[in-house]
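One structure is given below, encoded as structure tokens.
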Amino acid sequence: MLSTVLAASSLMMLGAAPVPADTAFGCEYPKVCLYLHTADWTARQATTSYSQVTSHWQKLDEQGRHAYAIYNTRNDDVAWLKNDDGVVACVGPHEKWFWDESDYPFRVVSIKISDGPTCND
């Protein structure tokens with residue numbers, strides 16, 4: 001009887017599907033996703049994403065440049081955003097960022113993902 005229970009539990013462990021990574025707003029962990037238009041955000045369809053921690057700025061491609069929204073799925077890394085005037089903003093872990101057309105025109109052109117857990121680093 002004990003061998004039957006052990007065999008059955010072994011089979012259940014082998015057949016178990018892996019736990020999916022955290023996904024929110026159509027963005028899979030460990031990515032920073034950019035949504036070019038309001039419709040992309042509403043549909044939860046990122047137009048591009050970045051995941052590499054770098055010490056330098058990465059120029060955004062056409063799918064991310066001047067993004068409407070950004071979501072950071074990372075647990076303890078921040079995403080720094082730079083606009084075309086050189087002004088910098090930060091999106092912390094599991095935070096969202098939206099471009100507010102009524103505010104200062106922050107048109108994102110580059111990104112840098114840092115391994116610091118807060119925007120104060």
Side-chain angles (χ1 to χ4, degrees):
M1 173 92 167
L2 180 59
S3 62
T4 305
V5 170
L6 290 175
S9 65
S10 295
L11 286 175
M12 288 188 336
M13 286 174 40
L14 289 175
V19 176
D22 290 340
T23 299
F25 307 105
C27 186
E28 293 182 14
Y29 173 84
K31 296 182 178 186
V32 176
C33 293
L34 289 81
Y35 307 80
L36 195 54
H37 304 288
T38 308
D40 301 320
W41 173 259
T42 303
R44 304 299 193 242
Q45 293 181 343
T47 51
T48 193
S49 64
Y50 292 81
S51 59
Q52 181 112 12
V53 173
T54 64
S55 60
H56 62 278
W57 291 98
Q58 300 176 71
K59 280 189 161 187
L60 298 180
D61 58 21
E62 290 181 11
Q63 299 300 318
R65 192 175 304 117
H66 300 172
Y68 163 76
I70 296 172
Y71 180 66
N72 180 3
T73 68
R74 301 175 75 91
N75 293 326
D76 48 9
D77 301 325
V78 297
W80 294 96
L81 312 173
K82 189 187 295 186
N83 80 355
D84 47 8
D85 290 335
V87 177
V88 175
C90 182
V91 182
H94 300 284
E95 288 186 352
K96 301 176 283 275
W97 175 92
F98 294 95
W99 177 59
D100 182 359
E101 295 180 29
S102 64
D103 198 5
Y104 180 78
F106 196 96
R107 309 286 273 171
V108 181
V109 295
S110 55
I111 187 170
K112 179 170 58 171
I113 300 173
S114 298
D115 60 2
T118 68
C119 292
N120 298 328
D121 295 341

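The chain is numbered in sequence order, starting from 1.
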So do the side chains of Val32 and Val91 get within less than 4.5 Å of each other, counting heavy atoms only? no

So, using salt bridge (Lys or Arg N to Asp or Glu O under 4.0 Å) as the criterion, who are the partners of Asp77 when residues are at least two apart? Arg74

Can you list every disulfide bond (SG atoms under 2.5 Å apart) pair that touches residues 30-65, not counting sequence neighbours? Cys27-Cys33

Please give me the minimum heavy-atom distance between Gln58 and Gln52, naming the atom from each residue. NE2-O, 3.6 Å

On a heavy-atom basis, which atom in Trp99 and which in Arg107 lie closest, and how many Å separate them? CH2-NH1, 3.2 Å

Asn83 (side chain) donor-acceptor with Asp85 (main chain) under 3.5 angstrom: yes

Measuring from Lys59:NZ to Lys82:NZ, what's the distance to the nearest 0.5 Å? 10.0 Å

Throw together a table of side-chain donor-acceptor distances under 3.5 angstrom for residues 41-49, partners on residues two or more places apart or in other chains.
unit_1: Thr42; atom_1: OG1; unit_2: Thr38; atom_2: O; d: 3.0
unit_1: Arg44; atom_1: NH1; unit_2: Trp41; atom_2: O; d: 2.8
unit_1: Thr47; atom_1: OG1; unit_2: Leu34; atom_2: O; d: 3.1
unit_1: Thr47; atom_1: OG1; unit_2: Leu36; atom_2: N; d: 3.2
unit_1: Thr47; atom_1: OG1; unit_2: Gln63; atom_2: O; d: 2.6
unit_1: Thr48; atom_1: OG1; unit_2: Asp61; atom_2: OD2; d: 3.3

Just wondering, do Tyr29 and Asn75 contact through their side chains at under 4.5 Å, heavy atoms? yes

Using a cut-off of 6.0 Å, state whether more than 12 heavy atoms not belonging to Lys31 lie near its atom NZ. no

Give a yes or no on whether the backbone of Phe25 and the side-chain of Tyr35 come within a donor-acceptor separation of less than 3.5 Å. yes

Within the structure provided, determine whether Tyr71 and Glu95 are in side-chain contact (heavy-atom separation under 4.5 Å). no

Which residues pass the side chain to side chain donor-acceptor pair (under 3.5 Å) test with Thr54, sequence neighbours left out? none

Going only through I, L, V, M, F, W and Y residues with side-chain contacts under 4.5 Å, is there a path from Val87 to Val109? no

Could you grab the distance from atom CH2 of Trp80 to atom OG of Ser110, nearest 0.5 Å is fine? 13.0 Å

Between OG of Ser114 and CG of Asp76, what distance do you get to the nearest 0.5 Å? 12.0 Å

Please check if the side chain of Asn72 supplies one atom and the backbone of Gly92 the other of a donor-acceptor pair under 3.5 Å. yes

Show every disulfide bond (SG atoms under 2.5 Å apart) that has at least one partner inside residues 34-83, sequence neighbours left out. none

Contacts of type side chain to side chain contact (heavy atoms under 4.5 Å, CB included), residue Val108, not counting sequence neighbours: Leu60, Ile70, Leu81, Trp97, Phe106

